[in-house]
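Keep in mind that the numbers below use all heavy atoms, side chains included, and drop hydrogens, waters and symmetry copies. Indexing begins at 1, ligand by ligand and atom by atom, following the structure's order. Predicted, not measured: the structure shown is a model, and the values here were computed from it.
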Amino acid sequence: SSRFSKDFTFLSVLGAGGFGCVTKAQHNVDGKTYAVKIVKDMGEANREVKALATLEHSSIVRYYSTWSEDANWVDGSYSTESSVLSKISEDLDNYSDQGDGSTHVTNQSDLDLSETASEDQANHSMTDSSSRNGDWLCLFIQMEFCEGGTLKDWIITNNGRSKDEALGIFQQMLCGVEYIHSKGLIHRDLKPENILFGSDGMVKIGDFGLVTTITTPSAASMYRTVNKGTPLYMSPEQKTGGKYDEKTDIFSLGMIYFELLWDMSTVSEKIKVLESLRTQRFPCNFCKKFFFEHKLISKMLSESPANRPNAKEIAAFLKRCLLQNQTGQLLKTV
Ligand code: ATP
Ligand code: MG
Ligand code: MG
């Protein structure tokens, strides 16, 4: 029998991505609400769990437990999952309409299991039980439920946010990234929809689906980026499949910091501006309005990873700027 349906009461679908979905579920014994991510277990999935289990930080989504079980996603026999599935199909229709190219699954997504099952089973050696039609070995990852939603939604609903608000969020993300790198890991998928807010309103970095180690970056796990749109936040070296290190996260962080500072009202405007930003073309008023931020972001978006500051250096830079600002020397807005 299913541990998920025995221990949890399914509440809703929080999000769906290329290789699974995240549900909101209440634990039947402790009564607390959790986010339970369900991903097809194809050997690579445990990378995400291993990373999460290693990381313990106030700016990283808290991990509770994991288990794997057979899940029938296609027929009604596995009742909880089938209700999840029908919700996901609804979600998928909404997601593929948004057109900002950032991350959304298309109708051809891997969640369309009835179509892709046989293909994937040919590509990945599956266990005996999961070779039955419609059955999958799934990894269930129980995490802290971040009730504040994603940074992507926060940006949309907080037009006219202040410099200080942007800085506060950036500093928290930076703190989390510095910690991730200090553990020898690279996140590789930093973007607003993978940054969450906890119930305390603090930033929580989530989605370790692409995580890898600094010493042996794995090209293999890049497969989880397939079926996604234009990688707006992804460093040029990662995008082109070149060699990369933890500085790939610094590039993404620079893109996000810019987006926090600069209001962009439509999705098409956002894509246009961010595409230009990737090659250091800032909107013309940006550097006047944000003098030190422009200097920093420009460094973070350096084409050559070696020229990007690391998380520690950025933190030190911010500290110096804030000090100077207090004595009214820098940061004067025009
Ligand atoms: P994959 O990594 O396999 O490609 P994914 O990108 O869909 O999957 P996540 O980014 O982890 O997986 O989760 C998808 C969405 O679900 C998030 O963008 C967010 O909206 C929501 N979500 C994920 N984790 C949580 C959480 N702990 N609390 C609240 N919402 C969450
Ligand atoms: Mg994600
Ligand atoms: Mg992901």
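Of all the heavy atoms of D189, none lies under 4.0 Å from any atom of ligand 1, so neither backbone nor side chain is involved. Counting heavy atoms under 4.0 Å from ligand 1, residue V22 touches it through the side chain alone. At a 4.0 Å heavy-atom cut-off, ligand 1 does not touch K204 at all.
Residue contacts to the Mg ion (ligand 2): D207 brings an N, O or S atom closer than 2.8 Å.
At a threshold of 4.5 Å between non-hydrogen side-chain atoms, the residues K247 and I186 do not count as touching. Looking at heavy atoms from C-beta onward, K299 lies out of side-chain contact with N307 at the 4.5 angstrom threshold.
Ligand 1 has no nitrogen or oxygen under 3.5 angstrom from a nitrogen or oxygen of E48. Taking only nitrogen or oxygen atoms, main chain and side chain alike, C146 reaches within less than 3.5 Å of ligand 1.
Looking at N28 and T9, their side chains do bring a donor and an acceptor atom within 3.5 Å of each other. Between the side chains of E147 and S199, not a single donor N or O lies within less than 3.5 Å of an accepting N or O. A donor-acceptor contact closer than 3.5 angstrom is absent between the side chains of Y63 and E144.
Residue-ligand proximity, A35 to ligand 1, at heavy-atom distances under 4.0 Å covers atoms 26 (C), 27 (N), 28 (N). Ligand-side atoms of ligand 1 in range of T150: 19 (C), 20 (O), range being under 4.0 angstrom from any heavy atom. Taking a cut-off of under 4.0 Å to the non-hydrogen atoms of G15, the atoms of ligand 1 that pass are 15 (C), 16 (O).
Using the six-membered ring where Trp is involved, Y34 and Y64 have ring planes that are perpendicular, over 60° apart on the 30 and 60° scheme. Between F8 and W67, the ring planes lie parallel to each other; the angle is under 30°, not in the 30° to 60° tilted range.
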